Amino acid sequence: MEISKIYDPTAAEERWYKYWIDKGFFHSEPDGREAYTMVMPPPNVTGVLHMGHVLNNTIQDVLVRRARMQGKNTCWVPGTDHASIATEAKVVALLREQGISKHDLTREEFLKHAWDWKEKYGGIIIEQLKTLGCSCDWERVRFTMDDDLSAAVIEVFVDLYKKGYIYRGVRMVNWDPKGLTAVSDEEVIHKEVDSKLFYVRYKIEGTADEWITIATTRPETILGDTAICVHPDDKRYASLKGKKAIVPIVNRAVPIIYDEYVTMEFGTGALKVTPAHDVNDYNLGVKHNLEVIDIFEPNGTLSKAAQFYVGQDRFKVREQIGIDLEKAGNLVKTENIKNKLGYSERTNAVIEPKLSLQWFLKMDKVSKPALDNVLNGTIKLIPDKYINTYRHWMENVHDWCISRQLWWGQQIPAYYCKGQKKPECQQPVVSITKPEKCSHCGSDLRQDEDVLDTWFSSWLWPISVFDGFKEPGNKDISYYYPTHDLVTAPEILFFWVARMIIAGYEYLGKEPFSHVYLTGTVRDKIGRKMSKSLGNSPDPLDLIAKYGADGTRVGILLCSPAGNDLTFDELLCEQGRNFANKLWNSFRLIQGWEPVDIEPGNATVYTNWFENKLSEQIELIEKDFASYRLSEALMSAYKLTYDDFCGFYLELIKTTCGKNPPRKVFDATIGYLESLLKILHPFMPFITEEIWHQTKERSDKDCIIVAPYPKAGKYDAKLLANFELQKEYLKLIRGMRQQNNISPKIELTQLEPSSSDTLTAGVMKLSGTVYGKGSEGSLSFVLKDKKYLFSLPEGMEIDKGQEKDKLVKELEYQKGFLKSVDIKLSNQKFVTNAKPEIIQNEKNKKADAEAKIAAIEKQLQTMN
RNA sequence: GGGAGCUUAGCUCAGCUGGUUCAGAGCAUCUGCCUUACAAGCAGAGGGUCAUCGGUUCGAACCCGGUAGCUCCCACCA
C-alpha cells in the first residue's frame, strides 16, 4: 500500500476521536483501581475556544492521558459555567437587537430567553474541546445551573446562613453601572489613568469672603457632600471649628469636621465628604453621624437627590460642573494627576462605590483550613511562588459580597413578609423551599430578587459534579474525591481556587485537589495579552485546521513552563506539525522494510544502545512529569524521537542493513517505535493512535490510549556517553562526505574508545577545523576529557592546525586550575567547613590536573 | 502606596548545594545539498561581558547590596 509522504491529520483525528468515545475509553465508573480525577475549570457557557482554553485543556489532557496509560481509573469531568453577568449581558444585548427591553419582560420570560440562548449556543465550546482531542468523560458533562447543581448551591446558602456565616447588610459595594449589579472586590480591576484634580473653594457660612478650598477628582459628587473634613492638628483650619461651609451649586450648609484620617500634605489638607459615594467618606460619615445623599441612579446618571443635572451621565456632569464652578467663582485651579480607578472585570465600566443592601459571607469563619493546608503542603501550588500571594490574600480576606442584581443565576432563597405586621416580620426567612406564609403574621411572602454570584456555584464544583450534596457519601464522591490535579489560570486563584478549597474543607473536611497547576497567560509575540478586543489571538480552530490538533497541542506546550506567561507564536505549531510528519516518516521507513531471518551481528550494538537511551530518557521524562515540567518532558520526547531515533538509530540501521534488517532487529525497532508512540501519546494523541494501528493488526480495544505507559529500565550511563561520541563521529563523516564529495563507508566497528595514545592526537574540535596528528587512516580526538580513536574514512584528510598553541593554552589553563585547587585545599575555612567527600573530590581534581599537565608537557617536548 | 518575581544567543527558555558535567537546548538565521522514510528533510556554520555597578570568595550566571528596565499581585488618600 502506498503511504503518503505527508501526514494528513484531518481525517484521522475525527475518526479516532469518535472511535475512542464509541469504545468507552473516556468514560469512568468507580472500580477497584487507583483513581485519577480531575475537574475541568468550566469555561463560560457563552465562550468560544481561545488560546487560553487550548493551553489549559491541553495540559489537562496530557495529564489525564498519561494517568490513563498508567492504568489508573481516569475521570476528567467537563462542564460549563453559567457566568451570570457575562451571559445576562449577552442575552440582554441580543434581545435589544430584536427590539426587546429586559425591563419589559418578567423574570420568567427573560429566563426563558436566556435558556433558549444557552441551548442554542451553550454547547459550542464543548464541541470545540473535542476537536482539540480532550479525553473528558462526556457522560458526566455538567452545567453550573443544572438542577442538581443549583440545588446544591441553595442548600449551601441555607446551611451557611443557619451557621451564621451569611448576613445581609448595607455596605459600600462595588457597583457596576453598566451591568447594573454589585460585584465582588476580586472582580474590580484597578488601572492607572490620567485625571484632573479640581481645587474647589467652599464659602464659610456667615462670612463675607472666607473660603475653604478642597481638592477632588470627582467634582460631580459635590452635590452629595455632607461635610468638609480637616485634620485636627492642622493649624490652617483651627479657626473654623464649629463653622459650616456652603456647598457650591446646591448651596447646602455642611459641618466642618475634624478627623485624623485626612492627610495634611495632600491637596489642600481639606477633604470633602460624600458618604454615599466613597468608602472612606462612608466610614467618616458613620463615625461623625453625617447625612447620606445618594446622587446617582444605578446606571450612573444623576438622580433627583442631586437636584441638578438630573438624568445626565456622571462623566458628562463632571465636565459640565467644572465649567459651572468656574463661572460661579468656586474653581480655584485644576491639576493633571494620575490616579487609580476601579473597572468592572466583566463590563469594563468604571466602578461606582455605592451603598446598597447586599448579602455577604463572613470569610474569616471558613478560611482557616484553606490557608493552613496550602501552607503545610497538603495542597501544592505549582509553581510554589504563588503560596505567598495566596497567604497574603487569605490573611487579609474581606467578606464576600455574594448577591448580584441579576436574573440569570440561582435566586437567593430568602423570603420577605409582604405584610410586615409584626416587628419579627422584618427578618427574612431563609429556606430551601418557599414557605407558604409568614409564620409571624400569615402574610404572603416574596422572594429576594437577587441571584448569587457565579463563583458561589463554581466553588462547589469538585463536590457537586459528583453529587456530593445531593447524595452525601455516594459511590462517586467517595471514590473520586479528593481529585488530583487542578489546572487553571492564576487570575482566578482567589475567585475560584481558594474558595473551592474553603468549600472542600467546610463540606467534606478534605482538600478538593492535591495539586494546583497554574498556567501562564498566553501572550502574543510582542507580549500583549491575547484578547478578543485586541484581535491578536489566532482562532484555535484555524490552527487545528492548519497544523492538526496534534501540531497545535505541541505548539502550545512547547512554550508553556508552569506559571510563566507564554509568548505564543504560530511557528511553534508549525514545528509541531513538522514533528508529526517526521514521526510519520519514520514509520514509513520501517514499514517498507522486509526482515530476513539472519543473526543481527553488528546491529546488536545499535539496538542495545537505543534500549539504554530509551530507559535513560523515560526516567528523565518521569522526573519532568513529577515536577510538572510538561514542556521539558515534551522536549525530551521530541529530541529522543527526532535526534536519537530518526537521526541516529534508524540512520544506522538503514546504512548497515538496508531494507532487509535481521528479524530480531526489525522486531526491536518496531518495539522502540511503539515505546516512542506511547511516550508521545499524551502530547499527540491522534497521530500516535493512527500509527499504532498501522504497525500491526490489532483487536478493537488494543488502542494506544490505553496501552501501558513505558517504564524506565536500567541503563548503562557509560555506554550512552560513549555513544554520544559515536554520534559526533557519524556527523563528522557525513559532513566530510558532503564537503569533500567522498563517500566513505560508514562502519562503526570500533565502538570502544581507544585507551592508548592519550594525548598523541592533541586536541580536536569536532565542530570546527580538525586538528590532529594521527597516522594515515585513523583519527583521534578529545571530547569531554576523554580520548578516542577512530578509523578515518577513506579519502578524508586531516588538517594540521595550530596544535601547539592549543596545547600551550591548555597547559596554562590546567596550571591555573591546579593552583586554585591547592589554595582551596590549604584554605582553613574551606577545609573545616567542607564535607569529607568534597575534599576528596578536590584531591581527585588535583590529581587529574597534575596528570594532564605532565602529559601536555611531554607532548610539547616531542613537538619541539 | 505595599509586596512578589524576572533580566542568560535574534526569539522562547534550561541551568540543582558557587568550581572541570558551565556557558546549554529548541526555534529562527546563514551556507551547501531535491542523497529512494521525510525539503514539513539532511549536513555544516555563525551568534552570549549571563541587565548594570559594587561586595563576599582562591573562584560568581549562581551568594549579598545598589541601580536601571520589565511583569504580576495586593491596597479605601481625595
Side-chain angles (χ1 to χ4, degrees), chain A residues 3 5-7 172 185 190 197-198 214-218 221 229 261-263 265-268 270-274 278-283 337 339-340 342 353 383 385-386 388-389 392-393 396 490-491 493-494 521 523 525 527 547 551 558-561 563-569 571-572 574-575 577-593 629 631-632 635-636 638-639 642 646-647 650-651 654 659 721 731-732 734-739 743 767-768 784-785 813-814 816-817 819-827 829-830 835 838 841-842 845 848-849 852:
Chain A
I3 301 174
K5 272 189 185 183
I6 302 283
Y7 169 68
M172 189 60 82
D185 289 346
H190 296 272
L197 190 60
F198 293 77
I214 56 91
T216 180
T217 51
R218 302 204 54 195
T221 60
C229 185
Y261 160 74
V262 180
T263 315
E265 291 74 32
F266 188 90
T268 60
L271 173 71
K272 70 187 219 38
V273 184
T274 325
D278 186 285
V279 184
N280 306 298
D281 292 13
Y282 175 72
N283 294 336
I337 57 155
N339 71 337
K340 295 236 175 155
K385 65 177 177 185
Y386 285 105
N388 269 338
T389 323
H392 185 261
W393 189 78
N396 298 288
E491 290 102 278
L493 187 59
F494 307 129
T521 307
R523 296 175 181 279
K525 259 190 280 189
Y547 305 108
L558 278 174
C559 59
S560 53
N564 284 353
D565 281 1
L566 48 104
T567 33
F568 176 78
D569 188 337
L571 223 50
L572 292 163
E574 196 178 318
Q575 190 185 347
R577 178 201 62 179
N578 293 355
F579 178 47
N581 200 48
K582 183 74 183 174
L583 186 64
W584 180 249
N585 276 291
S586 71
F587 159 68
R588 279 185 66 217
L589 173 69
I590 299 167
Q591 179 271 340
W593 285 348
R629 291 150 63 116
S631 46
E632 303 262 315
M635 184 47 74
S636 300
Y638 176 90
K639 284 196 278 192
Y642 219 124
C646 298
L650 287 180
E651 209 63 45
K654 187 173 79 174
K659 285 193 170 193
K731 278 187 185 170
L732 189 73
R734 280 187 197 153
M736 295 291 171
R737 186 171 63 184
Q738 289 204 342
Q739 278 167 15
S743 23
S767 53
K784 295 194 175 176
D785 270 357
Y813 179 75
Q814 291 296 345
F817 178 68
K819 203 172 148 194
S820 82
V821 174
D822 276 340
I823 292 167
K824 192 171 182 179
L825 283 172
S826 63
N827 183 317
K829 197 172 90 189
F830 173 76
K835 294 177 191 164
I838 291 178
N841 193 13
E842 294 299 318
K845 284 176 188 169
D848 281 355
K852 280 176 196 166

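Proteins come first, then strands; the chains are lettered A, B, ... in the order of their sequence lines, and each starts at number 1. None of the values given here were measured: they were computed from a predicted structure.
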| Rounded to whole angstroms, how far apart are OH on A/Y7 and C1' on B/A37? | 17 Å
| field | Base versus backbone protein contacts along nucleotides 1-8 of chain B [heavy-atom cut-off under 4.0 Å; B, S, -] | value | --------
| Per A/R577 side chain, nearest of listed nucleotides B/A37, B/A40, B/A78 | B/A40
| What integer distance in Å separates A/E651:CD from B/C42:P? | 9 Å
| request: If the plane angle is over 60° it's perpendicular, under 30° parallel, otherwise tilted; pick one for A/F494 and A/W393. | output: parallel
| said: Partner lookup for B/U21, please. Criteria are Watson-Crick or G-U wobble with both distances under 3.5 angstrom; report none if nothing qualifies. | reply: none
| Nearest-angstrom distance, P atom, B/C42 to B/G55 | 50 Å
| query | Which value, rounded to the nearest 0.5 Å, describes the distance between A/I3 atom CD1 and A/F587 atom CZ? | reply | 4.5 Å
| So what's B/C11 paired with, Watson-Crick or G-U wobble, going by both distances under 3.5 Å? | B/G26
| field | Validation row: A/L558, A/Y638 side chains within 4.5 angstrom (heavy atoms) | value | no
| request: Please report the shortest heavy-atom distance between A/G592 and A/K659, naming the atom on each side. | output: O-CD, 4.4 Å
| task | Supply the atom-to-atom distance A/L583 CG to A/Y642 OH, rounded to the nearest 0.5 angstrom. | result | 10.5 Å
| task | Under 4.0 Å between any heavy atoms, over every strand shown, what does A/K5 touch: base, sugar-phosphate, or nothing? Just pick one. | result | sugar-phosphate
| query | Using a cut-off of 4.0 Å on non-hydrogen atoms, how would the nucleic acid contact of A/S586 be classed: base, sugar-phosphate, or nothing? | reply | base
| request: Name the pairing partner of B/C16, where a pair is Watson-Crick or G-U wobble with both distances under 3.5 Å, or state none. | output: none
| For B/G32, what is the paired nucleotide under Watson-Crick or G-U wobble rules, both distances under 3.5 Å? | B/C42
| query | Can you name the residues that form a salt bridge (Lys or Arg N to Asp or Glu O under 4.0 Å) with A/K639, not counting sequence neighbours? | reply | none
| task | Taking atom C1' in both B/C50 and B/A60, compute the distance separating them and give it to the nearest angstrom. | result | 11 Å
| For the pair made of CG in A/L583 and P in B/G41, what is the distance, rounded to whole Å? | 13 Å
| message | With side-chain contact (heavy atoms from CB on, under 4.5 Å) as the test, pick out the partner of A/M172 among A/D278, A/D281, A/N280, A/V279. | response | A/V279
| Once you round to the nearest 0.5 Å, how far does CD of A/E651 lie from SG of A/C646? | 9.5 Å
| note | The Watson-Crick or G-U wobble partner of B/G69, with both key distances under 3.5 Å, is B/C6
| note | Taking a pair to mean Watson-Crick or G-U wobble geometry with both distances below 3.5 Å, B/U57 pairs with none
| task | Quickly work out the A/D569 CG to B/C13 C1' distance and round it to whole Å. | result | 14 Å
| query | Less than 4.5 Å apart, any side-chain heavy atom of A/Y386 and any of A/P490? | reply | yes
| said: If I take atom CG in residue A/N585 and atom P in nucleotide B/U36, what distance separates them, rounded to the nearest angstrom? | reply: 13 Å
| query | How far, in whole Å, is B/A14 from B/C74 if one measures between their C1' atoms? | reply | 31 Å
| query | Which whole-number value in Å describes the distance from A/N396 CG to B/A75 C1'? | reply | 10 Å
| query | Base, sugar-phosphate alone, or nothing: which one does A/R629 contact when heavy atoms must sit under 4.0 Å apart? | reply | sugar-phosphate
| said: Give me the distance, rounded to whole Å, that separates B/C22 from B/G15 when you measure between the P atoms they each carry. | reply: 15 Å
| field | Between B/A4 and B/A43 - C1' atom distance, rounded Å | value | 47 Å
Check: protein-nucleotides 25-31 of chain B nitrogen or oxygen pairs below 3.5 Å:
| from | atom 1 | to | atom 2 | distance (Å) |
| --- | --- | --- | --- | --- |
| B/A25 | O2' | A/K639 | NZ | 2.8 |
| B/G26 | O2' | A/Q575 | NE2 | 2.8 |
| B/C27 | OP1 | A/Y638 | OH | 3.4 |

| query | Using the C1' atom in both, what is the distance from B/G10 to B/U29, to the nearest Å? | reply | 8 Å
| Pairwise distance CD1(A/I337) to CG(A/L197) - rounded to 0.5 angstrom | 4.5 Å
| query | So which nucleotide from B/C73, B/A37, B/G15 ends up closest to the side chain of A/F494? | reply | B/C73
| request: Please state how far atom CG in A/N339 lies from atom C1' in B/C77, giving the value in whole angstrom units. | output: 10 Å
| request: Take atom CG of A/D278 and atom C1' of B/C77, then tell me their distance rounded to the nearest Å. | output: 9 Å
| query | In terms of ring plane angle, is the pair A/Y7 and A/W584 parallel, tilted or perpendicular, where the classes change at 30° and 60°? | reply | tilted
| query | When rounded to the nearest Å, what value does the distance between P atoms of B/C27 and B/A68 take? | reply | 39 Å
| message | Could you check whether any side-chain heavy atom of A/L650 comes within less than 4.5 Å of a side-chain heavy atom of A/I590, counting everything from C-beta outward? | response | yes
| query | Picking from B/A40, B/C76, B/A14, which would you name as closest to the side chain of A/Y261? | reply | B/C76
| request: With P as the reference atom in both, quote the distance from B/U17 to B/U7 in angstrom, rounded to an integer. | output: 15 Å
